[in-house]
Amino acid sequence: MSSSEELKKPHGLPNKYLDDLDNDFFYHFSYSRSDCKKKFGDVKIVVCGGSMSRMGVFAEKVAREIGHHQVTKEELSISRTDRFAFYKIGRVLSVSHGMGVPSLTIMLHEIIKLLRYAEADDPVIIRLGTSGGLGVPAGTVVVTNKAYNAFCEEVHEIVVMGKRVRRPSLMNQDVAQEIKSCQDDHSFKTVLAGTMCTDDFYEGQARTDGAVCEHTEEEKLAYLKEIKEKGISNIEMECSALAALTHHTGIKAAVVCVALLDRLKGDQVSISPEDYAEYQRRPQALIVRFIKHKLGI
Ligand code: R2B
Ligand code: URA
């Protein structure tokens, strides 16, 4: 097939304007549609997480665990713009997404187009991250079964041309279950639960230790207990956007975050480097098992 025919193939995305593009350049990854098929057609799992360096370390871990022939970040790197880190380990991608919804959705629009242009077969996108727990001990891994916005709705809202666009932020229950059932390390606890997505770490998560705070400690605790009773076990800053964009484009997704603290006990994330390293390891271990299971290793 010629490269121009390749660029006209259906992509199945809900955007007819993509058909009119001669090529499609993913600015934040410095990649084009014409590079996709041969490079990414085999992709099965995309793992994303906030930090560029963490996703490099994760790429190396996946390489070791699946016995990939390349093992260093340098060998596995696909492109590293100033914005996102991007690694390919056989059929697995490891990508950073920065902090918060605006950064995550830029990454996701471009990665979803890449997967669809490449005709990747039923890929899964997993966010691997940290969060503040609610009534769960620090170190607990939460696999999200419901992704809520800061109004406690399973909806993600964006503003398009001055109008509110609300989309369901539905998580794929089968993938969430499948990931949870991959746990074989009983040194930590994994729960399936609701996760709240906020647009801010401090006031947006009801903290009292930001530069500004206009609520009381008592109001904070009452609020956190109220949302805990609604089934929310952790709070982070990306899940509902990930759930909504993947649901809208028919791609399976999951969110797996470790709780760094119990927000019913405090606000400050002041854990030791050793505990931090151990907590980070936990969702990674679960996802590595899931990757092996998916790839039949
Ligand atoms: C969890 O941790 C980050 C904030 O510290 C944010 O990206 C998130 O969702
Ligand atoms: N990430 C968050 O978004 N909140 C926390 O409390 C901890 C990590």
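We're numbering straight along the sequence, starting at 1. Since the structure is predicted, the reported quantities are computational estimates derived from the model, not experimental observations. Counting starts at 1 for both ligands and their atoms, following the listed order.
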- [ ] Considering heavy atoms of the protein only, find what lies nearest to atom 5 (C) of ligand 2 and give residue, atom and distance to 0.1 Å.
- [x] G132 N, 3.3 Å
Open item on the list: Taking the ring of F84 and the ring of Y27, is the distance between their centroids below 6.0 Å?
Closed with: no
Open item on the list: Check for me, please, whether V47 and I66 land in the same ILVMFWY cluster - side-chain distances under 4.5 Å, paths through other members count.
Closed with: yes
Open item on the list: Distance under 4.0 Å to a non-hydrogen atom of M237: what atoms of ligand 2 satisfy this?
Closed with: 3 (O)
Task: Among E238, M99, H97, closest by any non-hydrogen atom to atom 9 (O) of ligand 1 - done: E238
- [ ] Might you point out which heavy atoms bring C213 and R207 nearest each other, and give the distance in Å?
- [x] SG-O, 4.0 Å
Task: For F201, the ligand 1 atoms whose distance to one of its heavy atoms is below 4.0 Å - done: 4 (C), 5 (O)
Open item on the list: Suppose I only count heavy atoms of E236 and a 4.0 Å limit; which atoms of ligand 1 are within that range?
Closed with: 9 (O)
TODO: Please indicate whether any nitrogen or oxygen in R263 is less than 3.5 Å from any nitrogen or oxygen in ligand 2.
DONE: no
Open item on the list: Does this structure show an ion pair linking R289 with E65, if we count only N-O contacts that are shorter than 4.0 Å?
Closed with: no
Task: Ring centers of F26, Y31 separated by less than 6.0 Å - done: no
Open item on the list: Is T198 close enough to touch ligand 2? Criterion: a residue heavy atom under 4.0 Å from a ligand atom.
Closed with: no
Task: Contact partition for Q205 relative to ligand 1, non-hydrogen atoms under 4.0 Å - done: neither
- [ ] Tell me which protein heavy atom sits closest to atom 6 (O) of ligand 2, plus the residue, atom name and distance to 0.1 Å.
- [x] R207 NH2, 2.7 Å
Open item on the list: Between T246 and K252, do the side chains contain a donor N or O and an acceptor N or O under 3.5 Å apart?
Closed with: no
- [ ] Could you tell me the residue and atom name of the protein heavy atom closest to atom 3 (O) of ligand 2, and the distance to it rounded to 0.1 Å?
- [x] Q205 NE2, 2.9 Å
